[in-house]
2 protein chains.
Amino acid sequence: MNVMNASPRRKELTRLAAQLFVQEGFDRTTVRMLAQEMGIKSGSLFHHFKDKQEILAAVIEEGTQNALNIARAALSECDANPEARLHAMARAHLETLFADRNAHVVALFEWRRLDPAASAHLSHLRDAYEALWVDVIDDALNAGLVRGDCFLVSRFILGALNWTVRWYDPNGPRTPDDLADELVAMITAR
Amino acid sequence: MNVMNASPRRKELTRLAAQLFVQEGFDRTTVRMLAQEMGIKSGSLFHHFKDKQEILAAVIEEGTQNALNIARAALSECDANPEARLHAMARAHLETLFADRNAHVVALFEWRRLDPAASAHLSHLRDAYEALWVDVIDDALNAGLVRGDCFLVSRFILGALNWTVRWYDPNGPRTPDDLADELVAMITAR
DNA sequence: TAAATAACCAAGCAAGCGCTAGTGTGAATG
DNA sequence: CATTCACACTAGCGCTTGCTTGGTTATTTA
């Protein structure tokens, strides 16, 4: 039983689990469904994961870690201009949201199913990610680019961005970058 | 078995069910938990509702119908000024969101658990509500109050507003009206 | 006063749940 | 060549699930 390893097999199983969790919801996804999707029997599943909870934690950790990495990379690649940084964060957010869509939908809507230990651990990752946002928004406010309270503005922006998973169609005419540009245009005073 | 009536008893049971669905999630809420919260035995539950699905539909219908009523009332009470109408809609949205918080959280996050028939029926209610928003936002765009595409702007605004249920603390210093004012201030170009 | 109705309960069924125990197998390791 | 290990299997345990059945009681209606 691999408690914390990241074998390629386990990574692939985690990806499949994310897909099923999105389709059915965590509670309605049975270990038998997961096993079938993975091409094994339900008993074999517990060789890779200690229990069903651990699969959920693996899915969410994967997604959140990716978001953090992508956001950091995006910020390091642009200059100190507040507007450029705001753009970069919005683009990075939507990019990871739809590149790892399944994992992020699970993170956004099944977080409450995590047991307290896993939730505490993953909260740190998520907090680190949101701290990046608060930093960028603070700069935008000080530069007069956006008007409002830092806390509220960051919540509104993240809400607007996260909600896109409920309506955005990747096969439609708009790219995630289009969305990011439109959102920034909407909130910047000029 | 009352299929579609709205006896006071059934209304009260629906309210209690909404609370449990929020606390535990629809799937993890068992009919035995529901019955206990209602002070009856699990079998008796099926005198009031045909099945568990019907309880969910009742919860969501209640919340959505209220939202529609409140928004219509709010619009009829303000003049034709686009900014006033935008304010009124934002306030009405947050007002109903926190007055019927449980029902709305269920509607937002457990909608997918509805069976196709109930979903189809309730979609009409929700569409009627969203049509009010599109109307108001269209006016705001034409008046130059907000910049952007009508579809995207309405999605962003509703996303920001709906996401408040995940972080807003009614016991904190801010009122729902404060939130509405801040959001409108953030997105209006001036 | 008789009949109908609403509201409830005790008991339990069939199905499905997460998870465990014990075993087999082929590849890598000593 | 013997041992270990990763990975999978079969079989099923103990429990919970949504829901049904058959019947009781209190209140309203004819």
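In what follows, chains are A, B, ... by sequence order, proteins preceding strands, each numbered from 1.
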side-chain hydrogen bond (donor to acceptor under 3.5 Å, both in side chains): pairs with one or both residues in residues 160-176 of chain A, sequence neighbours excluded: H93(A)-N162(A), T175(A)-D178(A)
side-chain N/O H47(A) vs dC5(D) OP1/OP2, d < 4.0 Å: no
Atom-to-atom span, CZ of F49(B) to P of dC19(D) - whole angstrom: 13 Å
Whole-Å distance separating the CZ atom of F46(B) from the P atom of dG18(D): 7 Å
All pairs passing side-chain hydrogen bond (donor to acceptor under 3.5 Å, both in side chains) where residues 19-29 of chain A contributes a residue, at least two apart: D27(A)-R113(A), D27(A)-R28(B), R28(A)-D27(B)
Length of the CZ-P vector between R10(A) and dC7(D), whole Å: 11 Å
For DNA chain D, the residues among residues 22-44 of chain A that have a non-hydrogen atom under 4.0 Å from it: R32(A), I40(A), K41(A), S44(A)
Working for side-chain contact (heavy atoms from CB on, under 4.5 Å), residues V136(A) and L75(A): CA-CA 9 Å; V136(A) 167; L75(A) 283 181; 3.9 Å; yes
Partner set under ring pair (Phe, Tyr, Trp, His ring centres under 6.0 Å) for F156(B), not counting sequence neighbours: none
Tell me which donor-acceptor pairs under 3.5 Å the side chains of residues 31-39 of chain A have, and how far apart each pair is, sequence neighbours excluded?
none

Interatomic distance where CD belongs to Q53(B) and P belongs to dC19(D) [whole Å]: 8 Å
Rounded distance (Å) that lies between atom P of dC8(C) and atom CG of L45(B): 10 Å
Residues forming a side-chain contact (heavy atoms from CB on, under 4.5 Å) with I70(A), sequence neighbours excluded: A92(A), E95(A), T96(A)
Rounded distance (Å) that lies between atom C1' of dA7(C) and atom CD of E12(B): 15 Å
Rounded distance (Å) that lies between atom C1' of dT17(D) and atom NZ of K52(B): 9 Å
